[in-house]
Amino acid sequence: MQRSEDALARGVPRDATTLPGVAPRPAETWLRIVQVHDRITRRVDSALHRHHDLSLTGFEALRRIAESPDGRASMGDVADAVGLSRPGVTSTISRLVEQGLVVRERGGADRRLLHARLTEAGRNRVEAAAGTHDEMVASLLGLLGDDAALVTDALARVSAATRDRR
């Protein structure tokens, strides 16, 4: 029985580096990055919904808040850490507030700043969901094998070069 192949991989050698002078085209690299991100995101999001009634975006927001000093973070900090727009973070935090996982509160010295703070239920939910998230991501990215450090370093350089410069 023949294995089904990824349509993009048909006719492409498994290790293109064995062919002299062959390097992936930028369009191929970009397509693979987008494809891997999309597939992992959908699988992890589905598992988090199924097991923890939490979206991947909600989980990432909760985790960032949990990792902040005093379990409390400004909306801007959450948006920056999770890669959301200001309206996107407002919507995500609103859903978490509705679920009783987060409360909004005004900042200390600057009362104009709005912060999100985890509730006890939020802390419990993010701790439970972290196991599901981390195990799935480790399992999927474990397929990189010995190339994990090389891929991580390369993506970190691209990320640093594209970071917003204010």
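Although no hydrogens or angles enter the test, the distance criterion places a donor-acceptor pair under 3.5 Å between the side chain of Ser94 and the main chain of Thr90. With Arg125 contributing its side chain and Asp53 its backbone, the two residues share a donor-acceptor pair below 3.5 Å. Although no hydrogens or angles enter the test, the distance criterion places a donor-acceptor pair under 3.5 Å between the side chain of Thr162 and the main chain of Val158. Not one N or O on the side chain of Ser46 forms a donor-acceptor pair closer than 3.5 Å with the backbone of Arg43. Here the side chain of Thr119 pairs a donor or acceptor atom with the backbone of Gly122 at under 3.5 angstrom. Counting only distance, with no hydrogens or angles, the side chain of Thr92 and the backbone of Gly58 share no donor-acceptor pair below 3.5 Å. At distances below 3.5 Å, at least one donor-acceptor pair connects side-chain atoms of Thr41 with backbone N or O atoms of His37. For the pair Asp45 (side chain) and Ser55 (backbone), a donor-acceptor distance under 3.5 Å is absent.
A salt bridge is defined here as a Lys NZ or Arg NE, NH1 or NH2 lying under 4.0 Å from an Asp or Glu carboxylate O, and Arg63 with Asp134 meets this definition.
Looking at Thr57, Val102, Leu118 one by one, the single match for side-chain contact (heavy atoms from CB on, under 4.5 Å) with Leu96 turns out to be Val102.
Considering only heavy atoms from C-beta on, Val137 comes within 4.5 Å of Val44 through its side chain. Looking at heavy atoms from C-beta onward, Arg106 lies in side-chain contact with Leu114 at the 4.5 angstrom threshold.
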